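Numbered from 1 within each chain, the chains take letters A, B, ... in sequence-line order. All figures in this text were calculated on a predicted structure; none of them were measured in a lab.
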Amino acid sequence: MLEHIRLKRGLNIPITGEALCKVSKRVVPTLIALKPTDFRGVTPKLLVKEGDSVIPGTPIFADKKHPEIVFCSPCKGSVSEIVRGDKRKLLAITIKPNNDAQVQSYDIPKLETSDRQEVIDILLKHGLWPCIKQRPYGIIADPGVTPKSIFVSCMNTAPLAANLEFSLQNNFENLQAGVNVLSKLTKGGIHFSLDADNFAGTDFHKLTGVIYHSFYGPHPAGNVGVQINHISPINKGETVWTIDLFLLVAIGNLFRTGTYDMSRTVAVAGPAAVNPSYVKCLPGTSMSDLSEYFGSDKDVRVISGDILTGETIGKEGFLGFYNNLITVLPEGNYYEMFGWVKPFRLNKFSFSHSYFSWLMPKKKYNMDTNTNGGERAFVVSDVYSKVLPMDIYPVYLFKAILAENIERMEELGIYEVIEEDVALCEFVCPSKIDIQSIVSKGIDIMLKEME
Amino acid sequence: MNNLRKFTDKIKPAFEKGGKLGFLHSTFEAFESFLFVPDTVTKRGTHVKDSVDLKRVMTVVMIALVPCILFGMWNIGYQHNLAVNGNMGFWAIVWYGFLKILPLYLVSYIVGLGIEFTSAQIKGHEVNEGYLVSGMIIPLIIPVTTPLWMLAIAVAFAVIIGKEVFGGTGMNIWNPALLARAFLFFAYPSHMSGDKIWTAGAAGVDGFTGATPLSQTSDGLSSLLSNYSVSDMFFGFIPGSVGETSKLAIILGAIFLIYTGVGSWKIMLSCIAGALSVGFIGNLCAPSEMSALAIPAYYQLLMGGFAFGAVFMATDPVSAAQTETGKWIYGFLIGALAIIIRLFNPGYPEGMMLAILLMNTAAPLIDYYVVNSNIKRRLQRAKTV
């Protein structure tokens, strides 16, 4: 039986530049980077040196605290540079690919006859373990823990998000194989959340071995954290795992074919994107290989991820490990005379009814990065819960974090949220408070407490 | 526009840190962001942000207050005209009201914003917009005859003790405008009560009584109705504080606040519900028709500062309850308390003010219990699994 869950609170941000459902480029990479900074809480230990040759699946670095968790090269080539920042912090390892078509295949034991530990060891050894994240905290899962259950979201409601149905077409067998792998990892069931509006036409609801739920509602209904909160909320001491659908495909593929293939279909979208559409590329692909999508304007921001949670990488940056979306935004570094007092401002979007955008629900807006006002103290504090469809009192949680009161944070639900779940609170905040940074600080405090 | 921008850019360096006028940085910033939406871009977190900011929110409240101000201006002149048995025309009446209200606004804004700018300067913060609204409300909730020096002291008290000592807008416990009113009431009671204070230029008129409807409730319904009809009280042709008399103007403001979502309809509605419930209970218990308890409950909504308080003061998002459940309780108790005070201390015009200030104080407590029930739910959930 499919359980329908209807969420009312939330907001779909109407931004222009949605990617057309066509693959307009298959990137032949000229440079690939692995960024340890993509992985929260990981202290990298380098396993290669400059000049080493690598193939897809060669470990590049490991986590110092969990040396068994390794991060692998997605391509064949040679290590070209180790990039370090302040205090010799490891920022990136760049790889110069030599693009020959030869496929390297590994010897993977049959899934049916493997036990849980063997499956975990394969995932660890072949660099696919980092695909699996844990809640609370949204960090890479601890291989030593058995999770209560595993959650996968089959709907992507974030602004301009990649269309999963399109970007994962022809991957049914990989998905089923991935599900079979996950079923070795937990006894609590694998929960798939479908888009209630549109799942009948997709492959996602034909898988066996999963428990289906369907969600209806605006963003963040597609966030796995929100879905967990409505299906089986996380209590103190519990751990669940989550995985992105496109990373599950890579896991399935490894067990089916023995190849480490991280290539993915990535949406390039946003108001400043030229020819918004999809490209096929690897994680860590250099944006210089995609320059034709960004135009010649200097005041453009290239983001790996969506406009709410993504990271600014710039025109020379690299696609993040967990991202299948590149958003291109115009910078908002301009002044607008009497902007706040102009009665109409029909080209500005606001969740609040003090503008008129709510009367035109179909209209899309060319948004930019202007903050639209200065930072203030919490004043209009009931607006957050209108975009956070969870049984949580957001302001009280944020204030508990600011006060570094761990007990209160636990009581108010720090285990149930990560940054992306409160991103809309930050978007609508009239006081322009960096709410994701607050939650991030809260998670850091909790992680420190665990050590 | 471009020239203004160029000029601003030219003088800007002098106000930056280390510039000649660097100590005036906050002041410069306040004026610059008043003229222009700043060019700041998002640095971390969400890359785009909603177009609403606190300036916009405050502007909405100020627009909502406009009908009350305009009507209040007219009514000052109208009441004066009645008192002196004059025959002033419409524009003469409005002009008279304008001349009376202008000094109140000048004092309110010069003193209040002066303190806001100074304290922002000292702390090195940006100037907060909060006082734009408080400063607009204060002249509306005091008698028009209030001496300006008293107003100045009250405003200073409200801004310094009511707001800045707690850390500025967003940190205050009580509604600053009401605090100014309360200060006046307790510091200078003789100037805040009586029948003469509500009408400008009437002090020397022989035989004049400018009693407000509320002050006549102690003599029962018939005495009240002999002076003012229900429609007078609804439309506002009665003596009273500048902004509180016209319920029509207040309703216009309320509609705008609810439409924009800036004022909480839950608080307004529950406030009215609270007042009516206590009013009805009063009606049931009334010993005789002459008793103040016999005043029909809905009259309470039309008299004194109740409506203005419910729409513009109880809904202040900073000092009100912040949880949705809490708002229902908070509003209901304000309405109920205000009418309890009125019924048992007949004609006491400060009921609404004291009720709101008391519930401002209790709002964190209400929220505490609402939030705690959420915590209990979470603990319960952990146990049952």
Side-chain angles (χ1 to χ4, degrees), chain A residues 13 15 233 235-236 301 303 307-308 310 312 327 329 331-341 345 348-355 367-382 385 391-393 395-396 411-413 423 426-432 434-437, chain B residues 1 4-5 8-9 29 32-57 59-60 63 125-126 128-130 167-171 259-262 264 317-318 320 322-324 327 367 370-372 374-375 377-379 381-383 385:
Chain A
I13 298 176
I15 183 170
N235 298 310
K236 185 178 179 180
R301 181 180 295 192
I303 300 160
I307 54 169
L308 294 175
T312 307
T327 314
L329 278 179
E331 290 284 5
N333 48 355
Y334 55 86
Y335 292 95
E336 187 185 0
M337 195 167 174
F338 290 125
W340 55 278
V341 78
R345 285 181 111 195
K348 290 281 185 180
F349 172 76
S350 175
F351 179 61
S352 87
H353 291 187
S354 59
Y355 286 89
M367 298 183 181
D368 56 48
T369 63
N370 194 292
T371 52
N372 296 314
E375 186 165 342
R376 299 287 184 268
F378 285 109
V379 171
V380 189
S381 38
D382 55 358
S385 55
D391 186 18
I392 279 180
Y393 282 101
V395 179
Y396 291 87
E411 291 175 346
L412 291 167
E426 183 171 317
F427 175 81
V428 299
C429 178
S431 298
K432 312 293 173 190
D434 287 328
I435 287 164
Q436 291 188 86
S437 306
Chain B
M1 165 180 177
L4 186 59
R5 183 66 244 164
T8 317
D9 282 337
E29 197 280 336
E32 189 192 9
S33 72
F34 178 79
L35 289 173
F36 302 97
V37 172
D39 68 338
T40 47
V41 294
T42 52
K43 294 222 167 50
R44 48 182 185 177
T46 62
H47 296 272
V48 296
K49 286 192 187 262
D50 196 288
S51 298
V52 76
D53 65 349
L54 275 194
K55 280 195 179 67
R56 185 87 183 181
V57 175
T59 314
V60 166
I63 293 172
H125 287 179
E126 292 186 17
N128 201 301
E129 295 82 2
T169 303
M171 316 285 189
Y259 159 86
T260 52
V262 168
S264 163
V318 175
Q322 309 199 338
T323 56
E324 297 305 306
K327 282 177 186 166
D367 285 336
V370 174
V371 171
N372 256 20
N374 175 272
I375 292 172
R377 220 160 38 238
R378 187 163 284 115
L379 289 176
R381 195 176 75 199
K383 271 184 207 145
V385 171

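Heavy-atom distances place the backbone of A:F378, and not its side chain, under 4.5 Å from chain B. Heavy atoms of A:S437 lying under 4.5 Å from chain B belong exclusively to its side chain. For A:K236, no part lies near chain B; criterion is any non-hydrogen pair under 4.5 Å. Within the 4.5 angstrom heavy-atom criterion, atoms from both the backbone and the side chain of A:L412 approach chain B. Proximity to chain B (any heavy atom under 4.5 Å) is shown, for A:T312, by both the backbone and the side chain. When heavy atoms are compared at a cutoff of 4.5 Å, A:I307 approaches chain B by way of both its backbone and its side chain. Contacts of B:V57 with chain A are made by side-chain atoms alone, with heavy-atom separations under 4.5 Å and no backbone atom involved. For A:I392, the parts lying near chain B are the backbone and the side chain together; criterion is any non-hydrogen pair under 4.5 Å. When heavy atoms are compared at a cutoff of 4.5 Å, B:V60 approaches chain A solely by way of its side chain, counted from C-beta outward.
The residue among A:M367, A:H353, A:R376, A:K348 with the most heavy atom pairs within less than 4.5 Å of chain B is A:R376. When the candidates A:G413, A:A423, A:C429, A:S431 are compared by the number of heavy-atom contacts under 4.5 Å with chain B, A:G413 comes out ahead.
Residues A:F351 and B:V52 fail the side-chain proximity criterion, which asks for heavy atoms closer than 4.5 Å. Taking the side chain as every heavy atom from C-beta outward, A:D391 and B:R377 approach each other to under 4.5 Å. Under the 4.5 Å side-chain criterion, counting only non-hydrogen atoms from C-beta, B:V48 is not in contact with A:F349. The shortest side-chain heavy-atom distance between B:N374 and B:T323 does not fall under the 4.5 Å cut-off.
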Start with the C-alpha distance between A:R301 and B:T42, add both sets of side-chain angles, then the distance that settles side chain to side chain donor-acceptor pair (under 3.5 Å), and finish with yes or no.
CA-CA 11 Å; A:R301 181 180 295 192; B:T42 52; 3.0 Å; yes
Side chain to side chain donor-acceptor pair (under 3.5 Å) between B:D50 and A:N372, worked out:
CA-CA 7 Å; B:D50 196 288; A:N372 296 314; over 6 Å; no
Steps toward side chain to side chain donor-acceptor pair (under 3.5 Å) verdict (B:D367, A:Y393)
CA-CA 10 Å; B:D367 285 336; A:Y393 282 101; over 6 Å; no
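Here A:D434 pairs with B:R44 in a salt bridge; the nearest charged N to carboxylate O distance falls below 4.0 Å.
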